[in-house]
Number of protein chains: 2
Amino acid sequence: MAVKGTGIRDVAKLAGVSVTTVSHVLNDTPHTRVAEETRVRVREAAKALGYGPNRAAQALRTNRSGLIGLLSEEIATTPHAGRIILGAQNAAREHDLTLVIINTDRESGPNAHKDDVQALIDRQVDAVLYATMYHRMVSLPPNLQGLPTVLIDSTDRAGIVPAAVPDEVGGAIAAVTHLVEAGHTRIGFLNNDDDVPATHGRLEGYRSVLEKHKIPYDASLVLSGPSETLPGYELAREILGRSDRPTALFCYNDRMAMGAYRAATELGLGIPDDLSIVGFDNQELIAANLFPGLTTVALPHYEMGAWAVETLVRLLHGEADRKLLADEPTLLDCPLVIRGSVAAPHAD
Amino acid sequence: MAVKGTGIRDVAKLAGVSVTTVSHVLNDTPHTRVAEETRVRVREAAKALGYGPNRAAQALRTNRSGLIGLLSEEIATTPHAGRIILGAQNAAREHDLTLVIINTDRESGPNAHKDDVQALIDRQVDAVLYATMYHRMVSLPPNLQGLPTVLIDSTDRAGIVPAAVPDEVGGAIAAVTHLVEAGHTRIGFLNNDDDVPATHGRLEGYRSVLEKHKIPYDASLVLSGPSETLPGYELAREILGRSDRPTALFCYNDRMAMGAYRAATELGLGIPDDLSIVGFDNQELIAANLFPGLTTVALPHYEMGAWAVETLVRLLHGEADRKLLADEPTLLDCPLVIRGSVAAPHAD
DNA sequence: GTGAAAGCGCTAACAT
DNA sequence: ATGTTAGCGCTTTCAC
C-alpha cells in the first residue's frame, strides 16, 4: 500500500520513534534489538498510514533495484513464453521482486543478444533469467559476466551458468510407457531430425521403454523429419501405409501429431480405435482441439520459470553454490497429459 | 552502457565542467543554453567512460520510475498476450521506458484486479496498460484512479479511460468481401453466441458486405454457438448437410473454423474446392497447421500494445487529451491473412 | 534498545 | 553559459 506522500518519517512521527527504528522493524534488520512493544507500534503506524517504501530510494541506497530481467526469445510466437513468464512472475512476487521482460530474436553466436543484455544492465537489474524457446546449447553474451544469471530451456556451452531444462528422456518414457501399458507393442516413432537434445533424449526414452518391456527395437519404425505438421503427415502416411503398420505412434511434437491425425483420417484409420497417438509439448491450442483430444506430454515451462527465479534468489542471498548448480542442468519433469487419443490395439 | 561505479561527477571531471552542465547536456534539458563545444566535450567524456545514469537516483529525484505496468489477463493461455507484450515492449524501448508485467486471472466486478493494480502502484509505475484477452467491457478497479491508464481490447464502462480495440466490423468486411470477390453468394456464418462486441461487430460486417453486393440476407445461413472447435464442427455439420448448403463459410474464429474443417472432411467436401472457409483471430498454431492453411483475419494485438504505450507517453507528456481519447475507443485494423482455404465456388 | 546524521547519484532552483 | 548546492527517501554506521 504505497500512498503517495507518506514517508518513513511520517511513520516514525506517528509511532513516536526515530526513522532508524522504523527502518529496522519494517525490514526486520538482523542484529537489531527493538522492543517487541515498539515493533508493534511501528507496524500499526505503518498500516494506519498505508505506508509503503519508496523503491527508488531503497534502490539508490542499497544498490539493489529489486528488478529481475527476463530475456526471452519469441515471446509472441508460442504460449510457451507465457508460461515461463507466469512461473517467473509468481515466484518473483513471492520474493517481492519485479520482472522486467525483454523480447529477443532467435540468433546465435556469442554476441547474440548482447544489446538486449545491455538494455537490462542499463535498467540495473539484480539478476537475469535467460530463456530460449526450445531446448538447446547457447553461448552467453560476454556482458552477462558478473550478473547472476540462470538459463531456461538451454544449457551453457561454457558450463558456467546454472540451467533448468525439461527431462526429455523422462517425458518420452512416460509417453511410450502409456502406450505399452495400453497393450501396444508395435509403436512407431516420428522423430525430429534436428540435432538438439530433445531429438536424442526422446529417442533414448523410447528405446529404454522398449528394452524394459522386452520389446525388440525395430529401426524401421523410427522415422524422422522436420518437426512440422506437413512432414508429420507425410511420415505418418508412409508408416501407416505399410501392411505391418504400427498400432500406435509416438510423435516428437503436437504439430507432427496433428499431421498424423490427418494421415490416419485419409487412410480410414480411426483414432484411437485403429491407431493410438501420443504427442509432445502439450500445445493446448492443438492438443485440446483435435478430435479426439491428443494425449501428449507437457513441457514444464511454468516450473522452469519458477525454478529460475527461486534459484536466482538463492544465488543472490549466497544460499546456493553457482558452480555446483552449473555442473549439471536441473531436470524438470514432463508429465503426461491424458486426453483421448490412446486405446488398446485391436485384437485383430 | 552503464558501467558500475561511473557517476555523473566522473563525467564532469573528465569534461572539465560541472555536474549541472553534464546533466543538462545528457538530458537535453530545455531552456538551457550550453555551448555546442561543451556539449560535444561532455558527450565524448560520457561515452569514453561508458557512463549511464543511475535510474534509481533519477527516479528518486524526479519522481518518475520510468516503469510502465502491463496488467494482462491469461498471459499463458494464448499467444495473443505475447503480441501485446511485444508491441508494448518495442514502443517502450523507443521511449526509454521499461515494461513491468503482471498476470491476472480473468475476473469481473469493479474490484477485480485491485490487488494486482496495487502491486503495480507499490512498484511506482508511471502509468498502466490494462489488457484483456478478448474484446469486452470492463469496470476498472478504483485504485487505478489518478494513474494514467489505457485499455487494450476492452472498453471502460465508465467511459473515462482511453482504449484501443480491434475493428471487428472492418475485419469481418475484409473476410466476407474476400469470399464475395472469389465468386461466392451463398455464404454461411458460424457466429459466437456470447453477448460481446465481436459477436455483433462481425455480424454487422457480414451483413454490410452482403448488402453492398446486393446479396439478400438469409437468416438460415447464420448459425451460432459457443466459439469452440466442437460447436464449430456441429454447426458446420448441420449447415453443410443441407441440400442447399452454402459454398463458403465465414467462421467467428479459427477454432470454429477448425471444427468446420473436420465437418467438411467427414462430408467428403474438399477445401477449398468444394467449400471455402475464412476464420478470425489468426491463431498461427491452428491456421498455419491446418490443411490447407486457413485464410483468416488477424487481430491487431501487436499494434494495440504499441498504440497503448505511445498513447500513455503522450498522456504523460500532456500531448494528448485524455477526455477526447476516452470518448470513443480507437479502432485498429484487422487485416486479412490469405492462406489456402478460399477458392471460387463450383460452376456446378 | 534507540536515535542522529551521513550520504547513495541525481536534478533543478538559484547564483554568478 | 556554467557552477554551487539542497535535497529526493531511504539504510546504516556509530554514538548514546
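Note: hydrogens, waters and symmetry copies are ignored here, and every other heavy atom, side chains too, is used. Protein chains get the first letters and strands the later ones, always in sequence-line order, with residue 1 at the start of each.
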Of B/Glu36 and A/Ile8, whose nearest nucleotide on DNA chain D comes first from the 5' end?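 Here B/Glu36 is the residue nearer the 5' end.
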Quick one: is A/Gln58 getting a side-chain N or O under 4.0 Å of the D/dG9 phosphate, OP1 or OP2?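 Checking D/dG9 against A/Gln58, no side-chain N or O comes under 4.0 Å of OP1 or OP2.
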Send over the distance from [X] [atom1] to [N] [atom2], rounded to a whole Å.
X	N	atom1	atom2	value
B/Leu49	C/dG9	CG	C1'	15 Å
A/Leu60	C/dA6	CG	P	17 Å
A/Asn63	C/dC10	CG	P	11 Å
A/Gln124	C/dC10	CD	C1'	12 Å

A/His113 and A/Glu73: CA distance, side-chain angles, deciding distance, side chain to side chain donor-acceptor pair (under 3.5 Å) verdict: CA-CA 10 Å; A/His113 307 161; A/Glu73 291 183 333; 4.5 Å; no
Looking at D/dA6, D/dA1, D/dT12, which one has an atom nearest to any side-chain atom of A/Arg61?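 Of the options given, the side chain of A/Arg61 lies nearest D/dT12.
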Nearest to the B/Ala35 side chain among D/dT11, D/dA1, D/dC10, which nucleotide is it?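 Out of D/dT11, D/dA1, D/dC10, the nucleotide with an atom closest to B/Ala35's side chain is D/dA1.
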Can you tell me if B/Arg157 uses its side chain to pair, donor with acceptor, with the backbone of B/Met137 under 3.5 Å?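 Yes; at least one donor-acceptor contact below 3.5 Å.
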Under 4.5 Å between any side-chain heavy atoms of A/Asp156 and A/Tyr130, yes or no?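 Of all side-chain heavy-atom pairs linking A/Tyr130 with A/Asp156, none is under 4.5 Å.
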For a 4.5 angstrom cut-off between non-hydrogen side-chain atoms, does A/Tyr51 reach A/Asp10?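 With C-beta onward as the side chain, the pair stays apart.
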Just by distance, no angles: are the side chains of B/Glu74 and B/His80 close enough, under 3.5 Å, to form a donor-acceptor pair?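 Distance-only check fails for B/Glu74 and B/His80.
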Examine the side chains of B/Glu94 and B/Asn90 and answer whether a donor and an acceptor come within less than 3.5 Å of each other.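 Absent: no donor and acceptor within the cut-off.
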Kindly calculate the angle separating the two end axes of the helix from C/dG1-D/dC16 to C/dT16-D/dA1, each obtained from five base pairs, and round it to 10 degrees.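 The angle separating the two end axes equals 40°.
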For B/Ala163 versus B/Ser154, what's the shortest heavy-atom pair and its separation?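 Smallest heavy-atom distance, with atoms named: CB-O, 3.2 Å.
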Minimal non-hydrogen separation, B/Asp153 against B/Thr132, with atom names: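 In this case the closest contact between B/Asp153 and B/Thr132 is O-OG1, 3.0 Å.
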Sequence neighbours excluded and cut-off under 3.5 Å, please list the side-chain donor-acceptor pairs for residues 13-23 of chain A, or say none.
from, atom 1, to, atom 2, distance (Å)
A/Ser18, OG, A/Thr20, N, 3.3
A/Ser18, OG, A/Thr21, N, 3.3
A/Ser18, OG, A/Thr21, OG1, 3.3
A/Ser23, OG, A/Asn27, ND2, 3.3

Is there a residue in residues 9-33 of chain A whose heavy atoms reach under 4.0 Å of DNA chain D, and which residues are they?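 Of all residues in residues 9-33 of chain A, the ones placing a heavy atom under 4.0 Å from DNA chain D are A/Thr20, A/Ser23, A/His24, A/Asn27.
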